[in-house]
Amino acid sequence: MSSLSPDLNPSQRAAVEHGDSPLVVIAGAGTGKTRTLVHRVAHLLDGGIVPERILLLTFTRRASAEMLRRLETTLQQAGREFSQTRRIWGGTFHAIGTRLLRVYGRMLGFEPGFTVLDRSDAEDLLDLVRTEQGLPKSHKRFPRKGTCLAIYSAVVNSRRSLHAVLVEDFPWCRDFEDELKKLFSGFVDRKEDAQAVDYDDLLLFWHALLEDEELGQRVRERFDCVLVDEYQDTNRLQAEILQRLAPTGKGLTVVGDDAQSIYSFRAATVRNILDFAETFPGTTTVKLEENYRSSPGILQLTNQVISEASEGIAKVLWSARSDEKKPRLVHCEDEEEQAQYLIDRVLEHREQGLLLKEQAVLFRTSHHSSLLETELSRRNIPFVKYGGLKFIEAAHVKDLIAFLRLVENPRDLVAGCRVLTLLPGIGPQRSRRLMDAVLRHAGQYDVWNRSVAPADAQQRLQELAQLLTRLRQNEDLPVSAQLSQLRTFYQPLLEEKYDKVEPRVRELEQLESLAGRYTDRTAMITEFALDPPASSEDLAGEPHLDEDYLILSTIHSAKGLEWKVVYTIHAADGNIPSDMSTKNVAQIDEERRLFYVALTRAKDWLYVCCPHRYYHHHRGPKMDQHGYAQLTRFLSQPALAKMEISTVQPAHPHRPDQPHAGQWSQSIRQRVKSMWDD
DNA sequence: CTGACTCGTGTTTTT
DNA sequence: CACGAGTCAG
C-alpha cells in the first residue's frame with residue numbers, strides 16, 4: 001500500500017495524523033486547509049473508521065461536494081477503496097439538520113413531506129401571524145416582517161434572550177418586547193400547523209433532539225468523528241450542537257481562521273474558535289502558516305492589513321515562492337472608468353494566455369457590479385455572477401415552486417396563500433379560509449368545490465383543486481412533468497399579472513428542465529430552499545461548462561475560492577467598510593476581515609480599484625467637502641507602501657453637470673497631446 | 001373583501 | 001427610487 005499523504009508539511013501532517021482527542025486547526029488563508037481536512041478524513045478511513053460514522057460539516061454545499069470529490073481522488077491515487085466516500089455524512093449544518101429531521105421527524109410530529117421555508121417564505125408566514133395579531137395597526141411603526149424575522153433569528157442562533165437581543169442589536173424595537181414575544185410564539189404554532197420549518201428550526205430541532213436523553217443518545221451514537229470546516233463562521237447554537245454531539249470533544253476536529261470570520265450578521269461568532277480549547281480540555285491546537293496560494297508581494301500586503309485589526313490570533317503567513325511583484329492600487333475618476341480599466345486588464349491577461357475563468361472581480365455588495373455587467377455584455381465578454389439576487393427569488397419562479405409545494409404538502413400555508421391569491425377575486429382573507437378548510441379536511445383539496453368565492457374565481461379554483469389532487473395521487477410522475485402541468489395552469493395567470501411575459505416563461509421552461517436533476521419532488525423542493533442554483537452557470541448546466549467566462553462575485557460568496565487574478569472593486573470608504581457597518585469596533589473589524597478575504601483570494605495578480613466620484617447620491621460612499629470619496633481606511637500608509645500605485649488617466653470627458661476643474665483641463669490637454677502619440 | 005391608489009421610508013452580506 | 005403599508009371605492 002502506498003502512503004496516503006506523501007507531501008504534507010509538518011503542521012499539516014500533525015493535524016492529519018492526530019488521534020481522537022479534540023483538535024483545532026487554525027489555518028491561515030491559502031495554507032492548504034481543505035487539503036489537510038481531506039487527508040485527515042482519508043487517514044481516519046484508513047484507520048478503519050466506517051464512512052457512515054463520519055460527519056463532515058461544511059459551510060456550503062459546494063464546499064462539501066468539492067471536499068468529497070478530492071477525497072475520492074486522494075483515496076484512488078493511494079490505491080484505496082474510494083466509493084465509500086459517498087457514504088460519509090457530508091453537508092452544511094442545515095442540510096444535515098434536514099437529513100436528521102427526515103430520520104427522526106416522525107417522533108417530533110413531522111410528516112415526511114414537511115416543508116423547508118427559505119428566508120422570504122419564513123417572512124411571509126411571520127407576516128401572516130403579525131397581521132392576524134393586529135400588530136401593524138395597533139402600534140405606530142411596528143417593526144417590519146424582515147426586521148421581526150431578523151430579531152427572531154438572532155435570538156435563536158445566538159442563544160441570547162429576546163431582551164438582550166433587542167437592547168444590544170435592535171434598540172429601536174425595544175418598546176415592542178411583549179408584542180414580539182407573542183408574535184414569535186404564534187409563529188412557532190403556525191409553523192407546526194403548516195408542517196414547515198425555517199432555517200433556524202433545522203438547527204433548533206437538531207439541538208432539541210440532542211437534549212432529549214434517549215433520542216440524543218441515538219444521534220450521538222451514529223458518529224465516531226465530527227469534522228467542521230470554516231468554524232470561525234459558526235454561531236453559538238451550532239457550537240452547542242457540537243458540544244452535545246461530542247461532549248468530551250473526543251473525535252472532534254474543527255478547522256478555521258479567525259481572520260476570515262465574516263458572517264456575524266448571521267450570528268456567527270469568532271469566539272467559537274477562539275474559545276474552543278477552553279471548552280474542550282485536552283485540546284491540541286495546530287497552526288498552519290505556510291501559504292501555497294499567493295505571491296510574497298501579495299502576502300506582505302495582506303499580512304499588513306490584518307495585523308491592524310483590533311484583535312485576533314497573530315499569524316504571519318509566508319511563502320516559499322520568490323517573485324516579488326507588488327499588488328496594484330488603481331485610483332479611478334469614477335465607476336465607468338473603473339469598468340473600462342478593468343476590462344482592459346482582463347483582456348490583457350487573456351492575451352497573455354490566462355483564461356477568463358482564472359480571473360475574478362470581487363465586490364462588497366451585489367449591485368456594485370451592475371455597471372460592469374452592462375459593459376461586459378455590451379462588449380460580448382461572457383461572465384458568471386455569484387451572490388446577489390438569485391433566480392429562485394424571482395416572483396414568477398417562486399409562484400411556480402409554490403404550486404409544487406402545495407402538491408407536496410397541503411398544509412403549507414405560505415405556498416397555499418401565494419397560489420390562491422393569484423386567482424382573480426381571491427385575496428388574503430379568502431385564501432386563508434381556503435387553506436384552513438384544507439387543513440381541517442385532512443389535506444383534501446376537493447373541499448374547495450363547495451366554497452364561497454365569486455363565480456369566475458370558483459371555476460378556476462375547482463380546476464386547481466382537481467389538478468393538485470391528480471398530481472398528489474400520481475406519485476411516479478417525473479417532477480418535470482408535474483411542473484409542466486402546473487405551468488399550463490399558471491401561465492394565463494402569469495400573463496395577467498406581470499409584464500415582460502416572454503423572458504419569464506422562458507425561465508419557467510428552464511426551471512422545468514432543471515427538474516431533471518432531482519430524484520423526486522421532495523428533493524427538488526428541499527434543495528431549492530436549502531441550496532438554490534446560485535449562479536447563471538448553475539442554471540445553464542453542462543453545455544456551458546467548457547466555455548470560458550469571467551467570474552463576478554460578492555466577497556462573501558468568494559469565500560474559500562482562489563483565482564490567478566483578482567480585482568477588488570469599489571474599494572472606497574463607505575463601500576469597504578460599508579457605511580452601515582461602522583457603528584462600533586467589532587463591525588469595523590469584520591469589514592476589515594472581509595477586505596482581507598477579498599485580497600487573499602489572489603494567487604499571482606491583485607488589483608484594488610477605487611473610483612472617487614459617485615453620481616448616484618442616494619447610495620455610495622460618503623463624500624468629503626470636495627465631493628470626493630476617500631480610499632478605504634483599511635489601506636493605511638504601511639499597507640500602501642507595499643503596493644504599486646497608479647491613477648487612470650481619464651479616457652473620456654467628464655460629465656458637464658459634475659465639473660471638476662483640474663481633471664477637466666487635464667483631460668482636454670491629454671486629448672490635444674494624444675494627436676501625436678503614434 | 002379585493003384591488004387600485006397614494007404616501008413615506010430606508011437602503012449589505014446568506015444557510 | 002422602489003417597495004411596503006395604509007386608504008378608499010367598488
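Protein chains get the first letters and strands the later ones, always in sequence-line order, with residue 1 at the start of each. What you see is a predicted model; the values in this text were computed from it and never measured.
Rounding to whole angstrom units, CD of residue A/E123 and C1' of C/dA5 are separated by 15 Å. Computed from coordinates, the A/F205 CZ to B/dT15 P distance equals 22 Å when rounded to whole Å. Between the CZ atom of A/R592 and the C1' atom of B/dT12 there is a distance of 19 Å, rounded to whole Å. Atom CD1 of A/I262 is separated from atom P of B/dT14 by 9 Å (rounded to the nearest Å). Rounded to whole Å, atom C1' of B/dT2 lies 15 Å from atom CD of A/E496. Atoms CD1 (A/I576) and C1' (B/dT13) sit 12 Å apart, rounded to a whole Å. One interatomic measurement links the two molecules: NE2 of A/H570 to C1' of B/dT13, which rounds to 16 Å at whole-angstrom precision. Remark: P of B/dT13 and CD of A/E590 are 14 Å apart, rounded to the nearest angstrom.
Ring centroid separation for the pair A/H556 and A/Y386 does not come in under the 6.0 Å cut-off. Close placement of the A/Y263 and A/F59 rings is indicated, their centers lying within 6.0 Å of each other.
Counting only heavy atoms from C-beta on, A/Y199 has its side chain closest to B/dT15 among B/dT13, B/dT15, C/dA5. Of all nucleotides listed (B/dT15, B/dT14, B/dT12), B/dT14 comes nearest to the side chain of A/H556. Picking from B/dC1, B/dT14, B/dT15 the nucleotide with the shortest atom distance to the side chain of A/T92 gives B/dT15. With distances taken from any side-chain atom of A/S578 to the nucleotides B/dT12, B/dT13, B/dT2, the minimum falls on B/dT12.
Residue contacts for A/Y263: at a heavy-atom cut-off of 4.0 Å it reaches the sugar-phosphate backbone alone, with no base atom in range. Counting non-hydrogen atoms under 4.0 angstrom, A/I426 reaches the backbone sugars and phosphates but no base. Residue A/R433 is in sugar-phosphate contact alone, with no base atom involved, counting any heavy-atom pair closer than 4.0 Å across all strands shown.
A donor-acceptor contact under 3.5 angstrom links the side-chain atoms of A/R119 to the base of B/dT14.
Annotation: B/dT12 and C/dA5 have their C1' atoms spaced 23 Å apart (nearest Å).
The side chain of A/R144 contributes no N or O atom lying less than 4.0 Å from OP1 or OP2 of C/dC3. Between A/S557 and B/dT14 there is a side-chain polar atom (N or O) within less than 4.0 angstrom of OP1 or OP2. Close to B/dT12, at under 4.0 Å from its OP1 or OP2, lies no side-chain N or O of A/R266.
Classification of A/D257 and A/K33 as a salt-bridged pair fails, no side-chain N sitting under 4.0 Å from a carboxylate O. The pair A/R190-A/E132 meets the salt-bridge criterion, since a charged nitrogen lies less than 4.0 angstrom from a carboxylate oxygen.
Annotation: A/Q459, atom CD; neighbour count of heavy atoms from other residues, nucleotides and ligands within 6.0 Å does not exceed 12.
Per the stacking criterion (ring centres < 5.5 Å, plane angle < 30°), A/F59 does not stack onto the base of B/dT15.
Mapped onto DNA chain B by nearest heavy atom, A/S581 and A/T60 fall at different nucleotides, with A/S581 at the one closer to the 5' end. Residue order along DNA chain B, read from the 5' end via each residue's closest nucleotide, puts A/S431 first among A/A95 and A/S431.
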Show the numbers, then the answer: is there a side chain to side chain contact (heavy atoms under 4.5 Å, CB included) between A/R266 and A/D233? CA-CA 9 Å; A/R266 244 168 64 183; A/D233 282 317; over 6 Å; no
